[in-house]
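First comes the structure, then the notes that go with it.
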Amino acid sequence: LSANQLTGTIPTEIGSLVQLEWLGLDNNLLTGTIPQEIGNLNKLVFLSLAKNQLSGSIPETIGNLIELKQLYLPNNRFTGSIPTSIENMHKLEKMTLSLNQFDGPLPEGLSKVNTLTLFNFDNTKLCEPKTDEFQAWLNSIRERGSLSSTDVKCKTRLSLVKSVTPALASLDDVMKG
């Protein structure tokens, strides 16, 4: 179904295709969100929704796709954070999230997915947790495969306070006089 100029939304009935192993809806004109029912497709090994006009966040039910090996979501309008349930996808080998409006920290539990050899999240607002375990996991992907990242480390609350404090002091000076 790739590159067929399909329009409209992904129907919730997609969740009834429980024997489906391969779903390629990339390079179309699909809009709307990924339905929660996508999580019913627990035999799926390949999912590509790349290059559409999909929006909203990735549903938490995506973590039910425990057989999934390849997940491609680039070039859409997705927002929000990556669901923590993604750590359940222990067979995931390739994941591309780039060219979306995702934000916030990548889930630290993602570092449990040791099968990942290609991970692309550049051109997003996602940041990398600073923990040694997570950084070691990212380095292991670099060594055995391909990693394209924003290379932005998540700021701790303390570093946020330090970066905002000078601006507030300047604002206070402006307000006083």
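Asn4 CG: more than 12 foreign heavy atoms inside a 6.0 Å radius. When the shell of 6.0 Å around CZ of Arg142 is examined, it contains more than 12 heavy atoms from other residues, nucleotides or ligands.
Counting only residues at least two apart or in different chains, ring-ring contact (aromatic ring centres under 6.0 Å, His included) contacts with residues 74-101 comprise Phe78-Phe102.
Here the closest heavy-atom approach between residue Ser111 and residue Glu133 is recorded as OG-OE2, 3.4 Å. Annotation for Leu54 and Leu49: closest pair CD1-CB, 3.8 Å, computed over non-hydrogen atoms. When all heavy atoms of Arg144 and Asn114 are compared, the closest pair comes out as NH2-O, 3.0 Å.
Thr84 pairs by the side chain to side chain donor-acceptor pair (under 3.5 Å) definition with Glu60, not counting sequence neighbours. Not counting sequence neighbours, the partners of Lys112 by the salt bridge (Lys or Arg N to Asp or Glu O under 4.0 Å) test are Glu87. Every residue meeting the side chain to side chain donor-acceptor pair (under 3.5 Å) condition with Ser2, not counting sequence neighbours, appears here in chain and number order: Asp26. Listed by chain and number, the residues in a side chain to side chain contact (heavy atoms under 4.5 Å, CB included) with Ser81 amount to none (sequence neighbours excluded).
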- Task: Tell me, with the steps shown, if Ile58 and Leu73 meet side chain to side chain contact (heavy atoms under 4.5 Å, CB included).
- Result: CA-CA 10 Å; Ile58 300 174; Leu73 301 177; 3.6 Å; yes
List the atom pairs, donor and acceptor, that lie under 3.5 Å between side-chain atoms in residues 8-24 and the rest of the protein, sequence neighbours left out.
| residue | atom | partner | partner atom | Å |
| --- | --- | --- | --- | --- |
| Ser16 | OG | Glu13 | O | 2.7 |
| Gln19 | OE1 | Lys43 | NZ | 2.9 |

